[in-house]
Undergrad: 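Before I ask anything, let me first share the structure, which is written out below as structure tokens.
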Amino acid sequence: HIKSKRGFDMKTSVIKGLGVFIAMSYLVLLIAAWFIDTIALFFAYCILVGVIIAFFKGRLWCNWICPRGQLADYLLIKISRRKPYPESLKNTTLQFLIMFFISSVLIYNVIINWGNWVAVSRVFLTLITFTTIIAALIGILFKPRSWCNICSIATIIKYASLKKGEKQEVIEDKEDYLEKHKDEFK
């Protein structure tokens with residue numbers, strides 16, 4: 001491993017640099033999508049890629065690539081209270097209810113707007129904007145990635161990526177995680 005003059009591990013610095021790039025790109029695309037209609041279809045692509053990755057690499061998408069997660073890791077962390085997410089809200093029933101509700105709204109609206117790509121794009125944009133606002137509020141009140149415990153895509157990925165004997169951990173606070181696992185990144 002390569003250490004800089006200040007003692008930072010180069011691999012950790014690259015991870016953080018990519019995370020900041022993903023977070024800033026997410027914000028730019030989210031704002032741009034309100035002015036250029038079809039940009040929001042990019043978010044549909046992210047959902048699909050996340051689920052496909054889960055079949056092969058588990059929670060790699062959620063913990064290291066998800067644009068909303070990166071936003072939490074590098075922006076929300078600055079204003080987060082960093083309080084533990086209530087265990088009572090980490091239950092499977094709540095995860096499935098939220099997934100069912102969001103999926104139903106999404107599928108219904110995509111079906112009724114099919115063929116009108118601007119309208120389909122707006123469906124994704126509205127959903128992503130709404131859930132990003134909720135994720136930000138939860139991330140400010142609790143740990144930055146607390147939304148990940150109830151995220152519909154994370155729920156799908158959790159069950160798509162189940163591997164025998166492998167814990168499917170949600171990283172709620174990447175700074176804490178990197179500090180606890182720093183030897184793995186050297």
Undergrad: Arg145 side chain to Cys62 main-chain N or O, any donor-acceptor pair under 3.5 Å?
TA: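 Judged by distance alone, yes, a pair lies under 3.5 Å.
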Undergrad: In a check of side-chain contact (heavy atoms from CB on, under 4.5 Å) between Leu71 and each of Leu27, Ile77, Leu30, which one passes?
TA: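 Result for side-chain contact (heavy atoms from CB on, under 4.5 Å) with Leu71: Leu27.
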Undergrad: Quick check: does any side chain N or O of Gln70 sit under 3.5 Å from a backbone N or O of Val20, one acting as donor and the other as acceptor?
TA: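 Not at all, since once roles are kept as given, no pair shorter than 3.5 Å links the two residues.
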Undergrad: Roughly how far, to the nearest 0.5 Å, is SG of Cys66 from CH2 of Trp147?
TA: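 If we round to the nearest 0.5 Å, Trp147:CH2 and Cys66:SG are 10.5 Å apart.
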Undergrad: Do you know the tightest heavy-atom contact between Thr155 and Gln95?
TA: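 It is OG1-CB, 3.6 Å.
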Undergrad: Between the side chain of Ser80 and the main-chain N/O of Gly139, is any donor-acceptor distance below 3.5 Å?
TA: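 Checked: pair present.
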Undergrad: Can you name the residues that form a side chain to side chain donor-acceptor pair (under 3.5 Å) with Thr38, not counting sequence neighbours?
TA: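 Here no residue qualifies.
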Undergrad: Has Ser146 got a side-chain atom pairing as donor or acceptor with Lys143's backbone, closer than 3.5 angstrom?
TA: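 Indeed, once roles are kept as given, a pair shorter than 3.5 Å links the two residues.
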Undergrad: Could you pull out all residues at least two apart from Lys90 that satisfy side chain to side chain donor-acceptor pair (under 3.5 Å)?
TA: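 Lys90: side chain to side chain donor-acceptor pair (under 3.5 Å) contacts with Glu87, Glu172.
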Undergrad: Do the side chain of Asn91 and the main chain of Leu94 share a donor and acceptor less than 3.5 angstrom apart?
TA: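 Pair found, side chain donor or acceptor close to backbone of Leu94.
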Undergrad: Could you tell me whether a side-chain N or O of Asn109 sits under 3.5 Å from a main-chain N or O of Leu106, the two making a donor and an acceptor?
TA: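 No.
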Undergrad: Roughly how far, to the nearest 0.5 Å, is the SG atom of Cys151 from the CD1 atom of Ile102?
TA: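 These two atoms lie 7.5 Å from each other.
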Undergrad: Report the distance from atom CZ of Phe43 to atom CD1 of Ile153, rounding to the nearest 0.5 Å.
TA: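 Answer for the CZ-CD1 pair, Phe43 versus Ile153, is 13.0 Å.
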Undergrad: Let me confirm one number: the OG-CZ distance from Ser152 to Phe100, rounded to the nearest 0.5 Å.
TA: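 Reported value, rounded in 0.5 Å steps: 11.5 Å.
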Undergrad: Is Ser103 reaching over with its side chain to a backbone N or O of Met99, donor-acceptor style, under 3.5 angstrom?
TA: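 Flag set: sc Ser103 to bb Met99 pair under 3.5 Å.
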Undergrad: Thr129 side chain to Leu125 main-chain N or O, any donor-acceptor pair under 3.5 Å?
TA: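 Checking the backbone N and O of Leu125 against the side chain of Thr129, a donor-acceptor pair under 3.5 Å is found.
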